[in-house]
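Read through the structure below, which is laid out as structure tokens, and then see the notes.
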Amino acid sequence: MRPAHRTRLVLVRHGQTDHNREGRLQGQVDIPLNENGRHQAETLARTVAASPPDVIVSSPLSRARDTAGAIARACGLQVTTDEAFLERSFGRWEGLRGEDIRSRWPSEHADWRAHRPITGLDIEDRPEVGERVAAGCRRLLEENPERTVMVVAHGAAITLGITALLGLDMRGFRGIAGLENCHRSVLEPLHAEPTEGLMRLLSHNLPPDFT
């Protein structure tokens, strides 16, 4: 997966949780991996170990941290955590299913589906999330030139981070599909220097057993 002497960013979504299985918004609530999620993480770890990253950084939430830990053990690396890669906060909606949100907040749910800002519910705005994640990624690449950096994070955070790193409109652009559990995407700086900020997407939604 990694050519020599190139700077690369690999974004990984954590393994499955019970909230994922039940269709509940997780946000920044610390929901652990379920049995299937732990199996997904171990499967991904075996795949990644064949061509390991140089650095592994994780969201501090346990579902991401434990996924990163499985990869790190397989690769002989250590995991550091960074709050830049926390999931998008969904405020009062965390823990709820889509149908519950739609019935209790129909107007706000319509705004959410249309990617419009939502006020009064402590829901983090899309551009804020994208810039937070993108800034964290750029910083890591600046600190690790010509290395492969793996970030283990969350579905919405990764989708919005990629959108920002590609220089696309984080409020209106909808063309990047969300990652499935323990799938990953690979990006490289668009220019010679990662400090220029923009990146290109090389691969998206690669499954755990992809070789």
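This chain uses plain numbering: 1 for the first residue, then up along the sequence.
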Residues Glu188, Arg6; criterion salt bridge (Lys or Arg N to Asp or Glu O under 4.0 Å); working and verdict: CA-CA 8 Å; Glu188 282 187 351; Arg6 296 178 72 170; 2.6 Å; yes
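A donor-acceptor contact shorter than 3.5 Å is absent between the side chain of Arg184 and the backbone of Val10. Side chain of Gln16 to backbone of Gly37: no donor-acceptor contact under 3.5 angstrom is found. Of the possible polar contacts, one joining the Ser59 side chain to the Leu61 backbone as a donor-acceptor pair under 3.5 Å is found. Between the side chain of Asp54 and the main chain of Thr148, a donor-acceptor pair closer than 3.5 Å is present. Side-chain atoms of Thr163 do not come within 3.5 Å of backbone N or O of Met170 as any donor-acceptor pair.
Using bins of under 30°, 30° to 60° and over 60° for the plane-to-plane angle, the ring pair Trp112/Phe90 lands in the perpendicular bin.
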Side chains of residues 66-77: which donor-acceptor partners sit under 3.5 Å, not counting sequence neighbours?
from	atom 1	to	atom 2	distance (Å)
Thr67	OG1	Gly15	N	3.1
Thr67	OG1	Arg63	O	2.7
Arg73	NH1	Gly69	O	3.4

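Contacts classified as salt bridge (Lys or Arg N to Asp or Glu O under 4.0 Å) and involving residues 79-101 (residues at least two apart or in different chains) are given here: Asp82-Arg139.
When the side-chain contact (heavy atoms from CB on, under 4.5 Å) test is applied to Arg38, the partners found at least two apart in sequence or on another chain are Leu33, Glu35.
Here the options are Thr159, Leu44, Leu179, the test is side chain to side chain contact (heavy atoms under 4.5 Å, CB included), and the partner is Arg13; only Leu179 passes.
There is a side-chain donor-acceptor pair under 3.5 Å between Ser62 and Asp30.
Taking the side chain as every heavy atom from C-beta outward, Leu160 and Phe173 never approach each other to under 4.5 Å.
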